[in-house]
Amino acid sequence: MKKSLTSLIAFMMLLSLILAGCGSSNEGASSEEGQSEEGGVTEITLWHMEEPPNRVKRFNEVIEAFNESNPDVQVKAQVQSWDDAYSKFPAAIQAGNGPDLLFAIPDYTTLLKQLDVVQPVDDIVEKLNEKHGFIDASLAPYQYEGETWAVPVFGMVQALWYRKDLFEAEGLEAPTTWDELLHAAEVLTKDGQHGIALPASKSMATDQVLYSFMVAAGAKDLIDADNNVTFNTAETVKAYDMYQQLLEYSPRDSNTYQWGEPQAQFNSGRAAMAVEKGQYLAPFESESGQPASELGVVPMPVADGGEAGSIYYSNGIMVLTDDAKKQEAITEFFDYLYEPENYAQFVNAEPGLFLPVTQSGFDSEDYWNDPIIAQYEEQVQVLLEASENGALFGFTDGVASNIGKVAGPNFIAQTLEQVIINGMSPEEAVEWGQQQMEEATK
Amino acid sequence: MEKEATQNATITQRPIERKKAKKVEVKHFVPYLLVSPLVLWIVITIFIPLSTVIKESFYSTGFVGTQGEFVGLQNYINVFTSSAYWGSWKNSLLWVVGNGLTQTVLAFSVALYLNNKFKLSKFARTWMIIPWIIPTIVVAIFWQWIFNGSYGIFNHVLMGIGLIDQPLNLLGDPTWALPTIIFINSWHWFPFLAVIILAGLAGIPEELYEASAVDGANKWQQFWGITFPSLQHITFALGLVGTLWMFNIFDVIYTLTEGGPAGSTTTVPVQIYQQAFDNYELGSASAMSVVTAIMMVVFAVVFIKFAAPKDE
């Protein structure tokens, strides 16, 4: 019996060793096995995380058109989920099952760089920049350690959206300062209607809207290039204090709100204002029953002593393959993508939300001729103007390599929870937030 | 003559012995060959992941796919001094006890009722199982809609009949969030328990009830004297499996509240997930997983030792 048991354990251990030996290597996606060249055609896999069907369809159209005009290269787009980006992609990449091109946002790039598979893209960016002129704010978050780690592909900026019909009914003007914003929120809160709808859950949506208030208060620097946390300032406290006051005029269940709820409240007319990006354009008419002209947008109102600005960040595409043949094909793909007519089609996969990051994109008639963009041209101009004062936490005072450790646990939003749920004062909560961020990034 | 016979026997026996020896050798491997698919399956699904988690618990790995530094027992020291981790144990205990009580009461009530013969009883037994069949994500979405603080039907009805004048924020209020998700999860799971109990009830001989009725026992006495003891094997199994099952539930909690508001619904599995994939502390999350697994094994052993029904 004992002998059988010993044999069985030995057998299991041998089996597990064999299986472990068959497991993943740490060669990354750029190994030679990753090369795929069939009949002279270089295959490039691209993962993006833009799941809504309209975005998938439009991206596929642009990619198909490229494939047709470049028969020696086949780009294959695969839709993935942002939910898997942090938990599953790295393991897939390490196992050699990752893509050649991967969409990113700045803090994701800093995390993924730890896998040592992200390739510098300075040559590609330099060439595209000469021809199309990248907006500095779109490139900056991807440039550190002397190299560029992703090619910016579209930008997103937050602004203050307001219902012109509700404002006109109260004789109010669009707010430009915090005092005006607070006054408007107060006046517009009545009869089951709320002055503003703000997210206040522990989520990235809350992080971003709160950060727009921090920028407007003059507290955009949250962590520096050496990962020193500079969150606990009078300006940050001011932003939290303002947010807390505004939540009085936001629906009672705001602490469960993420991306969609403020927009739903806004479009239904139950909230008069919201702070978000350009995804408000496309569904406004159908969901609100109001004409496009009733959708108002202004840059984030500014605090006394603060500065104009809000959160802005570009999405980028990282190159994960070091295969020369593939890199050559990828360069061809980028050349094609940034040609204004193709780029306009690509960027308008979500009109208003995805903003051009190149000067040639801005100037392109194809961009402005999109039916939604043409309909909301005035609003889009405001968004483009707001982009110029955009900022992103972790990337305003150099690039903080540990910003992912602040963004991942949603410490900005958690600090707000300390105020609205645990009853801390904004001063106490911001001090708490500073401690949490220091602990996470040390 | 006798010698010759002995010689012949010796000659004829040798090949038989050799044959026997060969057979023994093959037989020796047959059991291993037969169990090898199962062993392979166990190694792939349990042994490798478990050993990986144990290994990771000694490293400072921050992110899936990266190699951290060996830190010895530091992750375990962090776990034992982590207020967040032990806070999540408090929520987990409330979650398990709350679910256990709610589901048991609901399941017993429904099963005892459905055990009676009445019109449409077959129909009721079939439809009763529906909440359990519905996928968890669907359950989460529609209860989220029902309890929505702005436009949910629950608030609409309560306000309509004048019971409340302001909508209740059940999933967003730290006092109500945990009881609310316990209710939702119990609603989802109690039919499963009810079916098991119903099957157990069907196995109790009717004569026992008839005899006890003759002796003058009332319904309550019949329940404690006949029904409950007859179901002790089932209640033991449900107590053990159900507790472990409920403890490990992640999906409905994460979908409904993501552990919020302010951590009020952060149970141990949610805390481990957040530690690994929000805080990028994979090593520390692995140590939490190991500690949690050990505590679960201890619970199971103690439960079996003290709660297992004694066969008479």
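Chain letters run A, B, ... following the sequence lines, proteins first, then strands; residues in each count from 1. Computed from a predicted model, the values in this text were never measured in an experiment.
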Inspect the surroundings of [atom1] in [X] and state if more than 12 heavy atoms from other residues, nucleotides or ligands are less than 6.0 Å away.
X	atom1	value
A:E439	CD	no
A:K113	NZ	yes
B:Y151	OH	no

Any [X] side-chain heavy atom under 4.5 Å of [Y] side chain:
X	Y	answer
B:E258	A:K202	no
B:Q274	A:P409	no
A:Y257	B:S150	yes

Give, as side chain, backbone, both or neither, the part of [X] having an atom under 4.5 angstrom from any heavy atom of chain B.
X	result
A:Q414	neither
A:L111	both
A:S201	neither
A:Q258	side chain
A:L112	both
A:Q265	side chain

**Message:** For the residue pair A:N410 / B:D278, report whether a side-chain donor-acceptor contact shorter than 3.5 Å exists.
**Reply:** no

**Part of B:E281 lying under 4.5 Å from any heavy atom of chain A** = side chain

**Request:** Taking all heavy atoms of B:P261 and all of A:N255, pick out the closest pair and write down the distance.
**Result:** CB-ND2, 3.8 Å

**Message:** Rounded at 0.5 Å granularity, tell me how far OG1 in A:T256 sits from CG in B:N148.
**Reply:** 6.5 Å

**Message:** Between A:R252 and B:P167 (side chain of the first, backbone of the second, donor and acceptor by atom type, cut-off under 3.5 Å), is there such a pair?
**Reply:** yes

